[in-house]
Amino acid sequence: MPLLFTLDPALPLFKPLYDGLPAEAGALEYRHFPDGETYLRVETPVAGRNCILLADLTRPDTKFLPLQFLAATLRELGADSVGLVAPYLCYMRQDRRFQSGEALTSRLFARWISREVDWLITVDPHLHRYHSLAEIYSVPACALAGAPVLVHWLTQRGEPCLLVGPDAESRQWVERIAQQCGLPFIVGNKERRGDRDVTVQLPEITAEQAALHSAVIVDDVISSGHTVLQTIARLQAAGFTAIDCLAVHGLFAGDARQRLLSAGVRHLVVSNSIPGAAPMVDLCPLLLQPIHQMLADLRHRHGA
Ligand SMILES: O=P(O)(O)OC[C@H]1O[C@H](OP(=O)(O)OP(=O)(O)O)[C@H](O)[C@@H]1O
């Protein structure tokens, strides 16, 4: 049976994964010395075992080094393999040098992760200018689509609505979700001038679409919230009175969540990829089979 480790047992996906895999929970002592450096001790014997690390990679600059220590220590202690389940994969948006001299952090981060683990599973990792994680990750890396759980939420809600993708990139998931739910959709056009400076334009809304009065904005990530705020403003100007927002990853930088609610979002729903206060849809059913598959592939590669 594999061992499931995490540096943060309060992660919303830890217990569902532990219950669903099945796996044995790996015990750790993890704390910080008074100067802030990490102390880590692996308490469960790991020699000859397959280890799965569940990690929250939001604000990765403080979380990545402890994760590296853990992965490297598991290997030093004889683990057969170390796999990473990072439902939200950080450092995917700097996917090219937009200006000369910029650090290509997506590629550098991928190189470091690929050194530490045998495989990676994540959900909707902002594959925009990259088409596959294999372009930057040198270990088997599986990018799952969160769409099925979003479809499930929309289907259960059962309210006719217009689905709205804020930008060209969102077409890939909005179109698929709309087809599966039998709902109409539109896709906007976004111009980003800075971290918190975006403009979203929506195509002309037909009388039939406007008559729905209800819209659901669908996106992969909410960070500063400005993409969604712009989209809300355009929808309100078009007469929509019930606006919901459905996203896979709710980063909610700063006061983004409050700003969205103040702007009039009725339901703000994200997945349990990231701990937070928003209502959540559960990614666990998506993750279980791919984790089994990664472990089976490993056994196959090792000739077991
Ligand atoms: O909440 P926000 O701060 O607005 O960020 C969230 C938005 O950012 C991402 O797209 P991005 O603008 O990075 O698209 P790009 O890949 O085209 O640059 C993402 O797909 C969201 O639409």
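As the structure is a prediction and not an experimental result, all values here were calculated from the model. One-based numbering, in listed order, for ligands and for the atoms of each.
- Applying the 4.0 Å criterion to heavy atoms of D219 picks out, from ligand 1, the atoms 20 (O), 21 (C), 22 (O).
- Looking at R107 and E135, no side-chain N of the basic residue comes within less than 4.0 Å of a carboxylate O on the acidic one, giving no salt bridge.
- Nearest protein heavy-atom neighbour of atom 12 (O) of ligand 1: R192 NE, 2.7 Å.
- Annotation for ligand 1: atoms under 4.0 Å from non-hydrogen atoms of H128 are 15 (P), 16 (O), 17 (O).
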* Asked: Under the side chain to side chain donor-acceptor pair (under 3.5 Å) criterion, do Y130 and S106 qualify, and how do the steps go?
  -> CA-CA 10 Å; Y130 299 125; S106 54; 2.8 Å; yes
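- For ligand 1, the atoms sitting less than 4.0 Å from at least one non-hydrogen atom of D220 are 19 (C), 20 (O), 21 (C), numbered in the order shown with element in parentheses.
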* Assess whether side chain to side chain donor-acceptor pair (under 3.5 Å) is satisfied between T199 and R193, documenting all intermediate values. => CA-CA 8 Å; T199 308; R193 291 175 298 276; 2.7 Å; yes
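- The aromatic rings of Y88 and H249 lie perpendicular to each other, with more than 60° between the two planes, well past the 30° mark.
- Nearest to atom 18 (O) of ligand 1 by heavy atom, out of H226, H126, R129, is R129.
- Of the protein's non-hydrogen atoms, the one nearest atom 3 (O) of ligand 1 is S224 OG, 2.6 Å.
- Interatomic distance, I243 CD1 to S214 OG, rounded to the nearest 0.5 Å: 9.0 Å.
- By the 4.0 Å N-to-carboxylate-O rule, R75 lies close enough to D118 to be salt-bridged with it.
- In this structure, atom 6 (C) of ligand 1 lies nearest to the protein heavy atom V221 O, 3.3 Å.
- For atom 4 (O) of ligand 1, the closest non-hydrogen atom on the protein side is T227 OG1, 2.6 Å.
- In this structure, R41 is not positioned above the aromatic face of Y39 in the sense of NZ or CZ being under 6.0 Å from the six-membered ring centre and within 45° of the axis.
- Summarising the geometry, atom OH belonging to Y137 is positioned 14.0 Å from atom CH2 belonging to W119; distances are rounded to the nearest 0.5 Å.
- Atom numbering of ligand 1 starts at 1 in the shown order; those under 4.0 Å from a heavy atom of G225 are 1 (O), 2 (P), 3 (O).
- The proximity of V198 to ligand 1, defined as any non-hydrogen pair under 4.0 Å, does not occur for either the backbone or the side chain.
- Shown in contact with D167 at under 4.0 Å from a heavy atom are these atoms of ligand 1, numbered in order with element: 22 (O).
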Under 3.5 Å, sequence neighbours excluded: what are the donor-acceptor pairs made by side chains of residues 8-22?
| unit_1 | atom_1 | unit_2 | atom_2 | d |
| --- | --- | --- | --- | --- |
| D8 | OD1 | A10 | N | 3.0 |
| K15 | NZ | D19 | OD2 | 2.6 |

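- The contact set between ligand 1 and E169, taken as ligand atoms under 4.0 Å from a residue heavy atom, comprises 20 (O).
- Contact annotation: R196 has no heavy atom less than 4.0 Å from any atom of ligand 1.
- Ranking protein heavy atoms by distance to atom 13 (O) of ligand 1, first place goes to R93 NE, 3.2 Å.
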